[in-house]
Amino acid sequence: MAVRADRRGGAVLAFGFREIDPTTLGSLGLLLALSPLLLVAYPLLVAAFVIELTRNRRTAVLTTITVVAVLAVYGLQPAAEPVARLPVAWLHSGFANYIGAHGDVLHNFDTRFSWPGFFALLAFLTEASGLHDTSALLNWAPVVLSGLAVLGVRAIAVAIVGPGQASWIAAWIFLVANWTEQDYASPQGTTYILLLAALAITFQHLVSPSPLAPRRADVWRPPAPTNSVGDRLRAEGLVVLMAMALAPTHQLTPYMLGGLLIVLVLWGRLWPRWLPVVVLALAVGWFVLAAREFWIGQLSVITGSLGDLSSSVNQGIGQRFVGNAGRQAILLTRVGIMGAAAALAGCGVLVLRRSGSKSLLLPALALASFELAVLQPYGGEIFIRCYLFALPFFATLGGIALNALSERVFRAITGIALAVAMLATVTVRGGNDSYVAFTKADMDVVQRAYDLARDGQSIGTVVSYAPLEWQRVGDVRQVSAEDGCVVFPNPESCVLKANLDYLVINHAQDAYGTVYFGAPPGWTAKLADQLIADGRYDRVFAEDGSQLLARKEGTR
């Protein structure tokens with residue numbers, strides 16, 4: 001029966017799928033562009049999973065259903081939209097292209113070049129696959145990285161609660177609650193997989209007694225795991241190797257791993273108490289010795305936000321709740337998913353206590369993930385990152401909670417909860433697509449700018465929503481007029497202040513101004529016409545609503 005439901009879900013996905021033009025999307029993003037038939041497919045996939053889990057529990061069938069669900073949630077936009085999304089993904093492509101072409105980072109250019117591990121990996125994969133540039137790898141990165149993340153959460157849950165029903169539920173809670181979109185081609189998306197792998201190895205081979213054990217172990221003399229010395233040595237070596245890969249790749253993730261390992265030490269569960277010291281020493285060593293370009297002369301900027309929780313709250317929450325009603329609905333849905341995941345985890349804690357386990361290790365690990373909010377606002381994304389770090393533990397506790405229900409109640413509650421969460425996550429993952437999704441015309445306009453611009457000239461946008469910086473990094477200045485300038489209500493003054501040689505105009509920028517600031521639709525086209533009428537710019541290329549303006553000689 002589960003197989004039939006899975007086939008029906010797959011068929012409905014196939015028949016309900018259609019390509020999407022990002023220029024037609026409004027403030028609710030992808031949701032209103034999806035066919036009702038496609039939306040029906042998601043509850044069918046959940047039904048197939050729940051039926052199989054409670055009846056036969058065949059690993060191959062559950063794995064197949066899970067793979068289809070990963071494709072349905074994380075592969076929807078790569079399959080439906082013309083080109084890869086997110087401006088920052090294209091920027092990362094440009095960084096990797098630079099390393100591939102020059103064999104070195106561009107010094108004193110961007111903070112991220114101080115942690116170049118991911119960009120070097122992307123350049124290597126591009127070269128090994130015979131591609132012309134890294135942009136070909138961008139589109140399907142979310143499917144690969146999120147699929148691996150679901151596998152990683154399943155491995156962590158198996159190490160904690162065993163391979164049964166609860167660990168499968170944990171994997172699916174993660175699958176349907178991960179709306180964060182940190183799985184694009186990025187350092188954080190890649191290092192998150194390494195973090196999950198390191199934690200899975202740690203829980204499986206280096207933690208004793210079980211995190212669910214009722215007693216508190218001796219912090220100074222933790223009991224040795226029941227496996228062999230060789231198993232422990234191999235596990236320790238793998239975790240250290242992963243920490244070595246994390247240190248030069250991302251600013252936050254290695255410290256998160258070290259912090260979680262410290263929690264395990266404080267609970268007397270981690271056998272090699274030296275492990276978090278090595279993980280953190282590698283991260284600090286890279287920061288001090290290899291990332292000197294980042295911190296020299298900027299220590300006051302770096303340390304100024306330490307302990308400033310109000311700054312994190314303001315940037316991570318207060319400044320994000322702006323925009324029209326559609327955007328507010330998307331933001332509230334995200335908060336709702338986070339709250340539901342946390343509440344379900346709380347139910348898991350209650351189930352453990354009723355069963356005799358008074359250990360608070362799992363909730364402590366989840367709460368420890370939010371320690372970063374005290375340390376650094378991280379550009380306003382810190383609470384998104386904290387939630388993502390906590391989600392594997394929320395999911396494991398949620399799996400414990402749902403697994404405690406009777407079979408009949410389990411089917412109803414789990415089916416409804418997963419289906420609602422899956423549809424909500426699909427909605428919010430596509431909630432920004434009116435201004436973070438691009439068209440082929442957008443790519444062609446930027447490519448024309450690269451072809452025309454001379455070294456040292458500038459290519460820019462009004463606001464930062466265009467597929468820019470994927471070529472000619474370091475050769476031409478690629479900026480946004482909103483950098484250091486308040487664009488609304490007078491975008492023309494910011495464009496003139498930026499003194500751009502080439503100006504890229506597209507629908508994504510138009511949608512951003514409309515959604516965030518209430519600008520009238522078409523404001524970017526009117527701006528372009530005004531710049532041309534004033535004799536400042538000429539239109540040198542246009543395609544399907546995207547256009548490229550070139551500054552006239554002698555104008556400033």
Side-chain angles (χ1 to χ4, degrees), residues 6 9-10 13-14 17 30 38 41-42 44-46 48-49 52-53 58-81 84-86 89 92 118 121-122 125 129 134 136-159 163 167-201 242 245 249-250 253 337 341 384 387-389 391-392 394-396 398-399 418 421-426 428-430:
D6 185 38
L13 275 172
F17 174 82
L30 202 63
L38 180 67
Y42 292 100
L44 287 177
L45 284 173
V46 171
F49 168 72
E52 179 62 28
L53 189 63
R58 293 166 291 185
T59 300
V61 175
L62 287 171
T63 301
T64 300
I65 297 171
T66 303
V67 169
V68 174
V70 166
L71 290 170
V73 174
Y74 303 109
L76 176 61
Q77 288 138 309
E81 295 174 351
R85 309 161 62 250
L86 302 175
H92 290 168
F118 167 76
L121 173 65
L122 197 59
L125 292 175
S129 57
T134 60
L137 301 176
L138 300 184
N139 206 23
W140 289 93
V143 176
V144 175
L145 293 177
S146 289
L148 290 173
V150 170
L151 178 62
V153 171
R154 159 82 171 153
I156 291 172
V158 166
S167 58
W168 275 110
I169 303 168
W172 268 67
I173 291 174
F174 179 88
L175 192 161
V176 303
N178 178 20
W179 54 263
T180 60
E181 289 197 278
Q182 298 298 307
D183 45 20
Y184 62 97
S186 62
Q188 65 266 30
T190 306
T191 53
Y192 188 66
I193 304 305
L194 291 176
L195 172 75
L196 293 178
L199 290 174
I201 292 170
M242 291 176 186
T249 306
H250 195 234
T253 310
I337 296 171
I384 295 175
Y387 169 69
L388 184 60
F389 287 134
L391 190 53
F394 283 166
T396 301
L418 292 181
M422 181 178 278
L423 289 170
T425 293
V426 168
V428 299
R429 282 182 68 90

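Given the structure is predicted, the values throughout are model-derived calculations rather than measurements.
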Rounded to the nearest 0.5 Å, how far does [atom2] of [Y] lie from [atom1] of [X]?
X      : Y      : atom1 : atom2 : answer
Thr249 : Leu121 : OG1   : CG    : 8.0 Å
Leu199 : Leu195 : CG    : CG    : 4.5 Å
Thr180 : Ile384 : OG1   : CD1   : 7.5 Å

Between [X] and [Y] (side chain of the first, backbone of the second, donor and acceptor by atom type, cut-off under 3.5 Å), is there such a pair?
X      : Y      : result
Tyr42  : Ala72  : yes
Thr64  : Leu62  : no
His250 : Thr191 : no
Gln182 : Leu388 : no
Thr425 : Val176 : yes

Which atom of [X] lies closest to which atom of [Y], heavy atoms considered:
X      : Y      : value
Ala185 : His92  : O-ND1, 3.0 Å
Met242 : Ile201 : CE-CD1, 3.6 Å
Leu196 : Pro392 : CD2-CG, 3.7 Å
Leu125 : Leu137 : CB-CD1, 4.0 Å
Ser146 : Asn178 : OG-ND2, 4.2 Å
Ser167 : Pro163 : OG-C, 3.4 Å

[X] side chain near [Y] side chain, heavy-atom distance below 4.5 Å:
X      : Y      : answer
Phe174 : Thr396 : no
Val61  : Phe49  : no
Arg85  : Pro142 : no

- [ ] Please lay out, stage by stage, how Leu145 and Tyr184 fare under the test side chain to side chain contact (heavy atoms under 4.5 Å, CB included).
- [x] CA-CA 8 Å; Leu145 293 177; Tyr184 62 97; over 6 Å; no

TODO: Would you please classify the geometry between the Trp179 ring and the Tyr387 ring as parallel, tilted or perpendicular, with 30° and 60° separating the classes?
DONE: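 The rings of Tyr387 and Trp179 lie parallel, inter-plane angle below 30°.
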
- [ ] Determine the sole option in Asn139, Leu76, Leu30 for which the side-chain contact (heavy atoms from CB on, under 4.5 Å) test with Glu81 is passed.
- [x] Leu30

Open item on the list: Run Thr253 and Leu194 through side chain to side chain contact (heavy atoms under 4.5 Å, CB included) and show every step you take.
Closed with: CA-CA 9 Å; Thr253 310; Leu194 291 176; over 6 Å; no

Open item on the list: Using the salt bridge (Lys or Arg N to Asp or Glu O under 4.0 Å) criterion, which residues pair with Arg154? Sequence neighbours excluded.
Closed with: none

Open item on the list: Go through it in stages, so that I can follow the logic: the residues are Asp183 and Arg429, the test is side chain to side chain contact (heavy atoms under 4.5 Å, CB included), and I'd like the CA-CA distance, side-chain angles, deciding distance and then a yes or no.
Closed with: CA-CA 11 Å; Asp183 45 20; Arg429 282 182 68 90; 3.1 Å; yes

- [ ] Please collect all side-chain hydrogen bond (donor to acceptor under 3.5 Å, both in side chains) contacts where either partner lies in residues 65-77, sequence neighbours excluded, each pair once.
- [x]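 Found Thr66-Trp172, Gln77-Asp433.
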
